[in-house]
2 protein chains.
Amino acid sequence: MKEFVPVLKRTKLFSGVGDDDISTMLSCLEARLLTYKKGEYVLRQGEHLSDILVLAEGRLHIQRDDYWGNRSILGHIGVGEIFGEAYVAPESGTLLNDVIAVEDSAVFFFDVKRVISTCSSACRFHTMVVQNLFFAISEKNRGLVQKLDYMSRRTTREKLLSYLSEEAKKQNSASITLPFNRQQLADYLSVDRSAMSNELCKMRDEGLLEFEKNRFRLF
Amino acid sequence: MKEFVPVLKRTKLFSGVGDDDISTMLSCLEARLLTYKKGEYVLRQGEHLSDILVLAEGRLHIQRDDYWGNRSILGHIGVGEIFGEAYVAPESGTLLNDVIAVEDSAVFFFDVKRVISTCSSACRFHTMVVQNLFFAISEKNRGLVQKLDYMSRRTTREKLLSYLSEEAKKQNSASITLPFNRQQLADYLSVDRSAMSNELCKMRDEGLLEFEKNRFRLF
DNA sequence: ACGAGTCGGTTGTATTTACAACAGAAAGGA
DNA sequence: TCCTTTCTGTTGTAAATACAACCGACTCGT
């Protein structure tokens, strides 16, 4: 478990906490480290959860199998990311998605009650971890609101424009580099890739923007 | 300010905290109470925010004016609700929406740094408030993920089915009562009302469900 | 240099949607 | 009761979308 302290140190959850203090907290929080082989389920839709999770090693997919068995991948979880935090409230409903290891992976489990109950003075940095957690969730929340904003637009063009103009605002420039290729962008905005590609070209022909690969410039 | 203690007592933020302790905490947290006339802005898109807000009195709209000045109402805030929590992280971006008073309103402002830094022993319940806040945001987070799930569907029918079946799961019955009328449901799912109405009737004719007003039964 | 695989753009068609306009039913107030 | 307003369903049309199929450019490993 100690071997992952350097990894934890770089996570949002333990940001600003020293190695020794992280080690101490792992015991204090009764952290558990579970490992998964490629293809195994880490979390299953419909379960209840009372732990905050942090990926220590490997890579995970967030996916959903709908009504008719169609599988869709909603997102990825990389090393150091926090997840599960949306389901740990006492009155919270069950998990809405599956989480699956796409590589051999290791996951830290922290009982949420221990995390948010500041304990004895032994953990000097416990308060900081609580704050880190709070801010991490807050930011995630904003990201979700943001995405909902894009997704609530009716047409592909509107979705693209709202996404691109927001990204331009964020990167503070009319020239922006997207973190997606076309397929990923289409997935993110929940539209058809070819229709989106088509729309992008129309917008370029109308002089609204230009692009090359994942670099865009807005006018 | 004290006059709103009974209101605060019933909020998620102060759930489980006694009247006297709430009064104490109002000072300790340096809470500010601001009032707004009908039509005034409480928050403006693009601003930064470092406070958690709780509506003490009145009613607010969350709205967005898009590119071309089209106004759309994204939601309502009722008495006792917490808002603003998605924007208070130090690295957080600016507000994504406007918040406007649709009635004369009163709003509590709590500086987030004070809220999540547990103070001296004077505030016995400070830890509980931090936990309350955490769980409130966690639940909000789940709600957003849920809505994203509906919205990521491509067709109106799929959106309806995912929403209705989830609601049936939540209400633990095939007969469910929706908290929306048709227009509100259409707004929630970001689809056209008449198209949705049409689709609902088609689904009824196909024997997938039946409904009367906002009572639905799934088959 | 070769072939496999990935990526982005294009096209055509069937499906789905938005939008506008209208009508009947229900609710609520004067 | 009558009038107004709100809610819901219906229809037609123009617009937008999904989907499938295909093509060329590019990358990468051998």
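Each chain gets a letter, A, B and so on, in the order its sequence line appears, and its residues count up from 1.
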Enumerate donor-acceptor pairs with a distance under 3.5 Å from any side-chain N or O in residues 209-219 of chain B to protein atoms, sequence neighbours excluded.
unit_1   : atom_1 : unit_2   : atom_2 : d
B/Asn214 : ND2    : B/Leu178 : O      : 2.9
B/Arg215 : NH1    : B/Thr177 : OG1    : 2.4
B/Arg217 : NH2    : B/Ser175 : OG     : 3.2

Atom pairs and distances, side-chain donor-acceptor, residues 50-57 of chain A, under 3.5 Å, sequence neighbours left out:
unit_1  : atom_1 : unit_2   : atom_2 : d
A/Asp51 : OD1    : A/Arg32  : NH2    : 3.0
A/Asp51 : OD1    : A/Asp111 : N      : 3.2
A/Asp51 : OD2    : A/Arg32  : NH2    : 3.4

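Look at A/Thr156 and you'll find a side-chain N or O under 4.0 angstrom from OP1 or OP2 of D/dT17. The side chain of B/Arg182 places an N or O atom within less than 4.0 Å of a non-bridging phosphate oxygen (OP1 or OP2) of D/dG9.
Applying the ring pair (Phe, Tyr, Trp, His ring centres under 6.0 Å) test to every pair with at least one member in residues 75-95 of chain A, sequence neighbours left out, gives these pairs: A/His61-A/His76. Pairs passing the ring pair (Phe, Tyr, Trp, His ring centres under 6.0 Å) check and including a residue from residues 135-158 of chain B, sequence neighbours excluded, read B/Tyr150-B/Tyr163.
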Inset, instruction - Dump the intermediate steps for side chain to side chain contact (heavy atoms under 4.5 Å, CB included) on B/Ile100 and B/Val42, then the final yes or no. - result: CA-CA 5 Å; B/Ile100 293 193; B/Val42 178; over 6 Å; no

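Using a 4.5 Å cut-off on side-chain heavy atoms (C-beta onward), B/Val191 and B/Leu185 make no contact. Put simply, the side chain of B/Glu167 does not reach to within 4.5 Å of the side chain of B/Leu164, judged on heavy atoms.
Of the residues in residues 185-195 of chain B, those placing a heavy atom less than 4.0 Å from an atom of DNA chain D are B/Arg193, B/Ser194, in numerical order. Contacts between residues 197-216 of chain B and DNA chain C, counted as heavy-atom distances below 4.0 Å, involve B/Glu199, B/Lys213.
The CG atom of B/Asn181 sits 15 Å away from the C1' atom of C/dA25 (whole-angstrom rounding).
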